[in-house]
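Working notes for the structure below.
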2 protein chains.
Amino acid sequence: MNLSPGQLDTLFQALGDPTRRAILERLARGPATVTELAGPFDMALPSFLGHVRRLEGAGLVETSKQGRTRTVKLVPGAFTPVRSWLDEQRALWEGRLDRLDDYLTRLMKERADGS
Amino acid sequence: MNLSPGQLDTLFQALGDPTRRAILERLARGPATVTELAGPFDMALPSFLGHVRRLEGAGLVETSKQGRTRTVKLVPGAFTPVRSWLDEQRALWEGRLDRLDDYLTRLMKERADGS
DNA sequence: AAGATGCTTAGCCGTTTGGCTAACTGATTT
DNA sequence: AAATCAGTTAGCCAAACGGCTAAGCATCTT
């Protein structure tokens with residue numbers, strides 16, 4: 001389940017904006033139409049819609065239009081590439097610590113054996 | 001341990017670039033000087049340094065200069081705000097599912113009681 | 001003392017981002 | 001049929017981004 005090269009870019013970039021994160025937080029509590037979503041934000045609708053589109057582009061959100069209203073909902077598994085990257089990063093780091101630990105252990109053994 | 005408002009912004013934005021993520025991946029295996037780090041990247045040094053500075057600005061990385069070389073190292077706990085946000089987000093989502101679950105359970109009970 | 005090395009600063013450039021207004025389309029309501 | 005409502009498109013704008021070159025400034029090295 002490998003991810004396309006730029007996917008992490010668009011994901012992280014999409015999350016790097018407070019408005020967009022707020023939208024996601026709101027959507028975690030359930031779907032909403034665009035104007036419902038836009039309500040709390042002091043922003044013209046076209047600007048706001050841009051954010052929704054960006055979230056959609058990153059695959060974090062899905063939208064569907066029926067009649068004249070468009071409803072937006074969270075895409076459940078969309079965060080996993082991000083989580084995976086963070087986890088890998090942590091694994092790398094811990095791997096490094098492990099190796100440092102090994103090294104120190106070996107060092108102490110050598111000293112104990114008499115130099 | 002609350003985080004300043006814009007901290008998540010700078011963090012996510014810093015992670016939203018492949019060069020910068022690659023730098024972090026490299027650094028997880030241990031500190032390095034700027035030119036060592038820059039080696040694999042087909043990029044002029046000033047451009048590259050810009051990325052390091054951005055990582056430093058986000059608090060993901062620490063640098064120190066001795067003599068004419070500057071060494072860069074990972075800041076261990078720096079990812080935690082990001083992880084926290086993702087966890088909260090997931091908690092929200094699951095909370096919502098729980099409530100949905102409750103709702104369905106209640107619904108079925110009512111039906112079982114005979115409408 | 002001279003030269004090479006390792007950044008660093010300054011300044012330019014094109015693209016993207018995040019905001020706006022004005023005007024338009026299509027559905028619903030009255 | 002007219003008015004309203006929910007998005008949408010188009011176009012503008014300033015600031016930020018990501019890249020570059022050229023030149024400067026300290027160390028080391030020779």
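Throughout, a chain's letter reflects where its sequence line sits, starting with A, and its residues are numbered from 1.
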Atom [atom1] of [X] to atom [atom2] of [N]: distance rounded to whole Å?
X	N	atom1	atom2	answer
Asp9(B)	dA16(D)	CG	P	14 Å
Glu36(A)	dA6(D)	CD	P	10 Å
Ile23(A)	dG18(C)	CD1	P	11 Å
Arg20(A)	dT16(C)	CZ	C1'	12 Å
Gln13(A)	dG18(D)	CD	P	8 Å
Leu37(A)	dG7(D)	CG	C1'	13 Å
Phe12(B)	dT17(C)	CZ	P	17 Å

(message) Suppose the criterion is salt bridge (charged side-chain N to carboxylate O under 4.0 Å, His left out): which pairs have a residue in residues 45-54 of chain B, not counting sequence neighbours?
(response)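 Listed once each, the pairs are Arg53(B)-Glu56(B).
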
Test side chain to side chain contact (heavy atoms under 4.5 Å, CB included) applied to [X] - qualifying residues, sequence neighbours left out:
X	result
Glu88(B)	none
Gln89(B)	Leu24(A), Glu25(A), Ala28(A), Leu74(A), Phe79(A), Trp85(B), Leu92(B)
Ala44(B)	Pro46(B), Ser47(B)

(request) Heavy atoms only: give me the nearest Ala14(B)-Ala58(B) pair and the separation to one decimal. (result)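 Smallest interatomic distance, heavy atoms only, reads CB-CB, 3.8 Å.
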
(request) Grab the two heavy atoms, one from Gln7(A) and one from Pro81(A), that are nearest each other, plus how far apart they are. (result)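 Gln7(A) and Pro81(A) have their closest heavy atoms at NE2-CG, 4.0 Å.
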
(message) Could you check whether any side-chain heavy atom of Leu27(A) comes within less than 4.5 Å of a side-chain heavy atom of Lys73(A), counting everything from C-beta outward?
(response)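 Leu27(A) vs Lys73(A): side chains apart.
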
(request) Evaluate the side-chain proximity of Glu62(A) to Val72(A): yes if any heavy-atom separation is below 4.5 Å, no if none is. (result)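 Answer no - side chains too far apart.
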
(request) Return the nearest nucleotide to the side chain of Thr35(B); candidates are dG18(C), dG7(D), dG6(C). (result)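 In terms of side-chain proximity for Thr35(B), the closest of dG18(C), dG7(D), dG6(C) is dG6(C).
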
(request) Flag the pair Asp9(B) and Arg20(A) as a salt bridge only when some basic side-chain nitrogen lies within less than 4.0 angstrom of an acidic carboxylate oxygen. (result)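 Arg20(A) and Asp9(B): not salt-bridged.
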
Between protein and nucleic acid, restricted to nucleotides 27-30 of chain C and to nitrogen or oxygen atoms under 3.5 Å apart, what atom pairs and distances do you find?
from: dT28(C); atom 1: O4'; to: Arg68(A); atom 2: NH2; distance (Å): 3.4

(message) Using a strict heavy-atom distance below 4.0 Å, which residues from residues 39-55 of chain A are in contact with DNA chain C?
(response)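 DNA chain C contact set from residues 39-55 of chain A: Met43(A), Ala44(A), Pro46(A), Ser47(A), His51(A), Arg54(A).
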
(request) Kindly say if Lys65(A) contacts the phosphate of dT8(D), meaning a side-chain N or O under 4.0 Å from OP1 or OP2. (result)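 Looking at the OP1 and OP2 atoms of dT8(D), one of them is under 4.0 Å from a side-chain N or O of Lys65(A).
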
